[in-house]
4 protein chains.
Amino acid sequence: MKKKAEQRQISVEKLLAVALRLFVSRGYGSTTLEQIAAAARLSKGAVYFYFGSKESVLLELLQRVQTVVVDDAIRAATAAGPSAIDRLVAFLHNQAKLGISRRDDVLLLILMSLEFSHRRDKVTRCIADVYRRLHKHVEALIRSGQKSGEFRTDVPVRELAAIVMANHDGTFLEWYRRADALSGPNLVRALRSVVLYGVARPGTGRTEGRKL
Amino acid sequence: MKKKAEQRQISVEKLLAVALRLFVSRGYGSTTLEQIAAAARLSKGAVYFYFGSKESVLLELLQRVQTVVVDDAIRAATAAGPSAIDRLVAFLHNQAKLGISRRDDVLLLILMSLEFSHRRDKVTRCIADVYRRLHKHVEALIRSGQKSGEFRTDVPVRELAAIVMANHDGTFLEWYRRADALSGPNLVRALRSVVLYGVARPGTGRTEGRKL
Amino acid sequence: MKKKAEQRQISVEKLLAVALRLFVSRGYGSTTLEQIAAAARLSKGAVYFYFGSKESVLLELLQRVQTVVVDDAIRAATAAGPSAIDRLVAFLHNQAKLGISRRDDVLLLILMSLEFSHRRDKVTRCIADVYRRLHKHVEALIRSGQKSGEFRTDVPVRELAAIVMANHDGTFLEWYRRADALSGPNLVRALRSVVLYGVARPGTGRTEGRKL
Amino acid sequence: MKKKAEQRQISVEKLLAVALRLFVSRGYGSTTLEQIAAAARLSKGAVYFYFGSKESVLLELLQRVQTVVVDDAIRAATAAGPSAIDRLVAFLHNQAKLGISRRDDVLLLILMSLEFSHRRDKVTRCIADVYRRLHKHVEALIRSGQKSGEFRTDVPVRELAAIVMANHDGTFLEWYRRADALSGPNLVRALRSVVLYGVARPGTGRTEGRKL
DNA sequence: AATGAATGAGCATTCATTCAT
DNA sequence: GATGAATGAATGCTCATTCAT
């Protein structure tokens, strides 16, 4: 016998799953509530019953991205040990893992940050929070690497961090647009090499010999 | 005395200019013809008189991006001389210049490639053509650098090129989302450093001493 | 307590009824969805909820015309007995009855066949089917009357049948345009006389004495 | 050297010719001024220069139909001699001739009478005038035939005339919709037979021996 | 004499949202 | 708990018409 709470749980999860898939593949604005409801084998009314609005569905998804994706990434990087290079490698490694296990969650964040960039509402605030945390963390990581002499110091922290994030988002988008033409493992390897050698202090040899 | 040809020119350019601005700032789907017409101080009918459809406005803009942005980028890189590093630097330099003089054109390309990724029509074909050309060119550039020993060979061409393009697109998007928090010149410098040292053959010293 | 199924039935029937009236009195192209919705005391959205498009409303109406009008006409004529004259009389009689009880249904068919004659789509195919069946039946009827010696043989079946159909459609259109100037019963009597004496074999006296 | 008046004449005739063709093949409402202008290799403005409005183009066409088609028909019938049967035959004969030489003119009249039936304006008044004259003439013809004993008297004049007109319009519409499936000469023969034997006084033998 | 530019009212259609049941 | 019915505002697009040149 199914309890009501169970049914609720099942329906909500199903709705979030299909909404995630649709938002990522078609964009938020081009996805209709009808499509979400139909894909979850429910009625439009059910979506309103559970979420109250289309925007709330997106917000709930973004909340989960926040917890699962960002928290994890920061935790993984922090746990990786004292060397900034190690922590950067761990960060990149974790992102690569997410690219496989939670591809759509990460893409949702990136795509919505672009689709909603011109607005000023709950959604943008939520996204901005996530990015703020990510940037803050990456900046801290880089600053520490610069202090320890591992990372280059000829460019300011903020912009160097921005480029690291650009690599992150840009690579996900390449993967999003051209998955059929690219090898996942090779793409990850290329990303790691470029970022690592790109931010490392030139000529110190500290990156050499590292298995990428 | 205004000639008709002049008037046409003025109206068309005005419409394209405001459409570019609106498509980039709000997205294609979220921009209404009403907004385009109003911003150009014309009526919706005028847009149809000149373009026939909303899509055609976008297509015309993408055509121009193709000519101005891609052709120029490739020409600049090709002209830069035999060294692959020089050509890569020229490519990055040219993109940076475009980021200032034609920011919206480049962003249009990137943003539309994402907004239209799930469709299969004239727009996507046009965008795919542009990206195909860019990728082809960057891949050729990298392959030549690998042959000459300037670039790393531990990652395959295709994925290395993809990362270069990811840096390109990703940096533009960072600039798009966080222009207020970043210094343009520093961002360009960071991008150049990371990409250059990232793709260069490690430990050869060829990148050292280069003014970035 | 109104059930949903009831409500649906009521709204659909109301919409079809007003659409029929409007399509016949103003033509399909000159009838707006707004008018249909307003006449049914519903919103435009409701029409789309039930039918999905303006064309579908027309198609549904034509389907019903097919079933009710054509099937009935053929059945009535077939049931009328072995004599071709009797069957023709029955056919005309049935059409006259329809002209009163289902005036708009029959007119819809005729008017749409004209308004859509230049297109090639679902609507025209539906209409063509109806007319094909009617012509086929009338031709068979006439051929049988020619074989039995009841009908004239100095003109080919196909064109004789076409004239019978022309009388049918033409009389309905006269009735449509000049109802106020004509007496329905007299018009029916005139139609029957002309068609009957017109197709009968001249000089055989078979039509004489028949009560018209 | 082309005079201005000549040029005007040529353009006007060209416009009327293409408008007639388009109005008949697509209907008035579905024909755009753009199509008319394009088909005449002129601009929309030219149509306004010559006619002032879309409706005026139709009105001009209907005026010509009036003169050429109706006047001729009545003249031909009147000229045919004292016998009502002779005059009816002449009328039918003339209509058949028009069906070949002025098919579109006659169809324009019929189709517009249907497309505009729900309005009350210049166009409908013009069409009503034409039909009034035609009906009046046919009624007079039939009344005279009834007086002379040539035509049946068991149905009132008005409705008998209506059926004659129904044959006229209905046959033109059959020809309009199914020209490919019908033989013109046979259709005319069938029409003449049916109408003649249909309106003739039964059993008098007056129609026998007449070459149809 | 004729055209191209521009308008504005109108139309079919879409879609997030509401609500009675 | 969940649905079907219904809404209304918005949107891309059409087209007769006007007007300066």
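All chains are named by letter (A, B, ...) in the order of the sequence lines, taking the proteins before the strands, and each is independently numbered beginning at 1. Values below: all heavy atoms of this structure, side chains included; hydrogens, waters and symmetry mates excluded. Being a predicted model, the structure only gives us computed values, none of them experimental.
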Practice task
Answer yes or no: is there a side-chain heavy-atom contact under 4.5 Å between B:L109 and B:V69?
Solution key: no
Practice task
Compare all side-chain heavy atoms of D:L58 with those of D:F116 and state whether any distance is below 4.5 angstrom.
Solution key: yes
Practice task
Round to a whole Å and report the spacing from CD of C:E34 to P of E:dA9.
Solution key: 16 Å
Practice task
Would you check if there is a donor-acceptor pair between the side chains of D:S117 and C:Y176 at a distance under 3.5 Å?
Solution key: yes
Practice task
Using a cut-off of strictly less than 4.0 Å between a heavy atom of the residue and any atom of DNA chain E, enumerate the qualifying residues of residues 48-59 of chain C by number.
Solution key: C:Y48, C:S53, C:K54
Handout entry: Earlier contact from the 5' end, DNA chain E, for B:R41 and C:Y28
Key = B:R41
Exercise for the section: Test for a donor-acceptor pair under 3.5 Å between the base of E:dT17 and the side chain of A:K44, counting only N and O atoms. Expected result: yes
Fill in the blank from the handout: To the nearest angstrom, the CD1-P distance between D:I10 and E:dA1 comes to 13 Å
Fill in the blank from the handout: Closest of E:dA16, F:dC15, F:dG4 to the A:L33 side chain is E:dA16
Handout entry: Those residues that, when tested against D:S113, pass side chain to side chain donor-acceptor pair (under 3.5 Å) (two or more places apart)
Key = C:R177
Handout entry: N or O in side chain of A:S11 less than 4.0 angstrom from F:dG1 OP1/OP2
Key = no
Practice task
Could you state the atom-to-atom distance from CG of D:L42 to P of E:dG4 in whole Å?
Solution key: 10 Å
Practice task
Could you tell me whether the side chain of B:V130 reaches within less than 4.5 Å of the side chain of B:V65, counting heavy atoms only?
Solution key: no
Completion exercise
From CD1 of A:I36 across to P of E:dC15 the rounded distance in Å is 12 Å
Practice task
Could you tell me whether the phosphate oxygens of F:dT14, OP1 or OP2, come under 4.0 Å of any side-chain nitrogen or oxygen in D:T32?
Solution key: no
Completion exercise
Assert: residue with more 5' nearest nucleotide on DNA chain E, out of B:A46 and C:S30, is B:A46
Exercise for the section: Decide salt bridge (Lys or Arg N to Asp or Glu O under 4.0 Å) for B:K122 and B:E55; before the verdict, give the C-alpha distance in whole Å, the side-chain angles of both, and the deciding distance to 0.1 Å. Expected result: CA-CA 9 Å; B:K122 264 191 182 174; B:E55 197 184 274; over 6 Å; no
Exercise for the section: Could you check if a side-chain atom of B:V57 sits within less than 4.5 angstrom of a side-chain atom of B:Y50, using non-hydrogen atoms only? Expected result: no
Problem - B:Q7 side-chain N/O to E:dA6 phosphate OP1/OP2 under 4.0 Å - result: yes
Handout entry: Secondary-structure stems for DNA chain E, with pairs counted as Watson-Crick or G-U when both distances are under 3.5 Å and runs at least 3 long
Key = E:2-21 with F:2-21
Practice task
Report yes if the side chains of C:V47 and C:L42 come closer than 4.5 Å at any heavy-atom pair, otherwise no.
Solution key: no
Practice task
Give a yes or no on whether the backbone of A:G52 and the side-chain of A:S56 come within a donor-acceptor separation of less than 3.5 Å.
Solution key: no
Exercise for the section: Please check the phosphate of E:dC15 (OP1 and OP2 only) for any side-chain N or O of A:Q35 closer than 4.0 Å. Expected result: no
